[in-house]
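Here the structure is laid out as structure tokens; the discussion comes afterwards.
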Amino acid sequence: MARQYSFPNNHWDWPVKLTHHHAVRAGNLIFTGGQVDLDPKGTVRNIGDLETQCRNSMVYMERLFDDLGVDFNDLVRLVVYFVGDAQDEAFLLDLLAQIIGPTARPAINMIPMPQLCYPDMLTEIEGVAVRSPNGEIVERQCHTLPDLPPLPAAFSHLVQAGDMIFTSDISARNSDGTVAHPNNPAAQTQLTMDRLEQVLALSGAGLDDVVKLTTFTTGDETIKGWATAAALRADRFTRNSPVVTDLPLAQSPAPGQATKLAATAMLGSEPARHTSPDGHWTWSQSMPYAHGTCTGDVSHIGGQVARSETSKVLTPDDMVAQTRTAMANIAQILAQYDATLDDVVKVTTFYQGNASAEALHENLLVRSNSYTPPGPATTGIPVPHLERKGLVIKIEVIAVLDLESP
């Protein structure tokens with residue numbers, strides 16, 4: 001079965017030539033890259049207008065879905081990067097609920113950022129959809145957890161579509177909007193993992209079914225806060241440890257919230273295959289996390305960085321060199337599954353930088369040139385810093401194996 005790649009005529013474009021496409025379909029799975037309110041020449045539109053930028057991002061997403069034979073009713077996850085505060089987050093949740101309609105009920109992840117990749121950009125939104133290649137709707141279950149903050153009725157705290165499970169943000173925020181254990185990362189991490197376990201149980205899954213964690217921890221540029229939360233999370237996985245992308249959260253819309261996470265899990269008759277190649281980089285303290293997981297044909301690669309086997313940061317502050325190292329690490333992990341970079345369908349990159357074309361393109365061109373055209377869908381997000389001084393880029397990917405490319 002061939003992959004399908006989408007880049008419609010007159011869609012927004014980057015101001016540089018890339019191999020990347022805006023969306024990829026591989027079997028049941030459809031991934032879009034981050035959709036933004038740019039024109040075909042790469043110019044930001046509707047400056048200062050959060051609502052219009054969000055609406056236009058979703059217009060672009062709908063166009064991609066239509067091109068690949070799906071629609072908003074097939075959504076299982078929306079990831080929304082936005083520049084704003086708690087009021088903006090609530091506004092976007094309600095607006096997106098209106099746009100997608102009441103029936104899909106996907107998981108949604110809201111990630112506040114101080115800035116996005118181009119000046120004046122206020123939103124970047126990516127989607128995951130599931131539908132059978134023959135057009136049949138994939139049966140889904142949608143669940144909410146009473147202890148978590150209520151979402152608009154258009155969204156769920158957990159969605160199961162076939163064997164795949166997607167969660168919305170799981171945190172120490174309570175249903176009344178308060179934050180348990182304010183400014184206490186350790187206590188919040190324990191509660192967050194309890195809640196993750198509870199929401200997974202709604203679909204008959206457990207922590208050992210998790211294949212990918214994306215975690216956010218507020219704090220400064222030292223490793224202390226990150227390491228404490230990461231170790232506490234790792235201790236909760238008794239049998240299989242997922243891949244993980246840990247990120248600093250520069251700001252939180254909820255005062256006192258120190259951490260949150262989102263998970264992807266897989267149910268199936270065969271357990272996930274976990275890999276951490278010999279000689280691969282390691283964390284600064286002993287962690288059981290894998291670098292790659294593969295369940296069926298779907299492989300998740302956790303955030304890859306330029307570190308050594310002893311956790312030393314390689315080529316500190318050198319964006320181009322670290323990007324090449326991270327891509328080489330991804331290729332090494334994929335090789336454990338007899339796969340290559342050309343099996344990648346979605347790539348997400350977090351890089352230290354500001355809202356400027358120069359900061360993005362410095363690593364974007366290196367990443368894009370790593371793929372044989374047509375390239376995967378992509379999202380690139382600038383962050384104020386990563387968890388180690390001198391570390392300037394982190395790249396995660398999803399690959400779908402054993403599918404032919406056209």
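Below, each value reflects all heavy atoms present in this structure, side chains not excepted, and no hydrogens, waters or symmetry copies.
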Can you find a heavy atom in the side chain of Gln141 that is under 4.5 Å from one in the side chain of Val159? no
Check whether Thr323 reaches the backbone of Met319 with its side chain - one donor and one acceptor, N or O, closer than 3.5 Å. yes
For Arg140 and Val130, the nearest pair of non-hydrogen atoms, with its separation, is NH2-O, 4.3 Å
What orientation do His11 and His22 show, parallel under 30°, tilted 30 to 60°, or perpendicular over 60°? tilted
Within a strict 4.5 Å, meaning less than it, do heavy atoms of the Phe155 and Pro150 side chains meet? no
Go through the steps for His361 and Trp14 under the test ring pair (Phe, Tyr, Trp, His ring centres under 6.0 Å), then give the verdict. CA-CA 10 Å; His361 298 168; Trp14 295 271; 9.4 Å; no
Ignoring hydrogens and geometry beyond distance, is a side-chain donor-acceptor pair present between Thr349 and Arg367 at under 3.5 Å? yes
Tell me yes or no: between the side chains of Asp342 and Thr372, is some donor less than 3.5 Å from an acceptor? yes
If you count heavy atoms of other groups shown closer than 6.0 angstrom to CG of Asn134, is the number above 12? yes
Audit row: Ile393, Gln352, side chain to side chain contact (heavy atoms under 4.5 Å, CB included) steps and yes/no: CA-CA 6 Å; Ile393 194 162; Gln352 184 172 306; over 6 Å; no
Measuring only between side-chain heavy atoms, which start at C-beta, is Ser175 closer than 4.5 Å to Pro146? no
If you define the side chain from C-beta out and look only at heavy atoms, does anything of His157 sit under 4.5 Å from Thr167? no
No-hydrogen, no-angle side-chain donor-acceptor test under 3.5 Å, Lys346 and Thr379: yes
Rounded to the nearest 0.5 Å, how far apart are CD of Gln322 and CD1 of Ile395? 10.0 Å
If we ignore angles and hydrogens, is there a donor and acceptor under 3.5 Å between the side chains of Glu309 and His280? no
When you check the side-chain N and O atoms of Gln188 and Thr259, is any donor under 3.5 Å from an acceptor? no
Residues that Ala231 engages under side chain to side chain contact (heavy atoms under 4.5 Å, CB included), provided they are two or more places apart: Gln285, Met287
Contacts of type salt bridge (Lys or Arg N to Asp or Glu O under 4.0 Å), residue Arg233, not counting sequence neighbours: Asp246
Looking only at side chains, do Ser171 and Asp169 share a donor and an acceptor under 3.5 Å apart? no
Heavy-atom pair of closest approach, residues Leu386 and Val392: CD1-C, 3.6 Å
What pair of heavy atoms forms the shortest contact from Leu158 to Val199, and how long is it? CD1-O, 3.3 Å
Heavy-atom pair of closest approach, residues Ser370 and Leu341: O-CD1, 3.7 Å
Can you name the nearest heavy-atom pair linking Val243 to Ile301, along with the distance? CG2-C, 4.2 Å
Dump the intermediate steps for side chain to side chain contact (heavy atoms under 4.5 Å, CB included) on Glu362 and Tyr351, then the final yes or no. CA-CA 10 Å; Glu362 187 177 20; Tyr351 60 95; over 6 Å; no
Rounding to 0.5 Å, atoms CG (Leu196) and CD1 (Ile170) come to a distance of 6.0 Å
Close side-chain approach of Thr245 and Leu213, heavy atoms under 4.5 Å: no
Less than 4.5 Å apart, side chain to side chain, heavy atoms only: is that true for Phe91 and Glu51? yes
Could you give all pairs that pass the side-chain hydrogen bond (donor to acceptor under 3.5 Å, both in side chains) test and reach residues 68-85, with sequence neighbours left out? Asn73-Thr103, Asp74-Arg131, Arg77-Asn109, Arg77-Thr264
Within this structure, what is the CD1-CD distance for the pair Ile111 and Glu124, rounded to the nearest 0.5 Å? 10.5 Å
Residue pairs meeting side-chain hydrogen bond (donor to acceptor under 3.5 Å, both in side chains), one or both in residues 86-97, sequence neighbours left out, come to Glu89-Arg173
Kindly write out the residues that satisfy side chain to side chain contact (heavy atoms under 4.5 Å, CB included) with Leu122, not counting sequence neighbours, or none if the list is empty. Leu50, Gln53, Val83
Rounded to the nearest 0.5 Å, how far apart are OG1 of Thr378 and CG of Leu364? 6.5 Å
Strictly by modelled atom types, are Asp67 and Ser6 linked by a side-chain donor-acceptor pair under 3.5 Å? yes
Can you see which heavy atom on Ser168 is nearest to which on Ala107, and at what distance? OG-CA, 3.2 Å
Looking at Asp176, I want to see if its CG is surrounded by more than 12 non-hydrogen atoms of other residues, nucleotides or ligands under 6.0 Å. yes
Quick one: do Thr348 and Glu126 satisfy side chain to side chain contact (heavy atoms under 4.5 Å, CB included)? Show the steps, please. CA-CA 10 Å; Thr348 306; Glu126 62 183 42; 4.3 Å; yes
Partner residues of Ala205 under the side chain to side chain contact (heavy atoms under 4.5 Å, CB included) criterion, sequence neighbours left out: Ile165, Leu200, Ser203, Asp209, Leu267
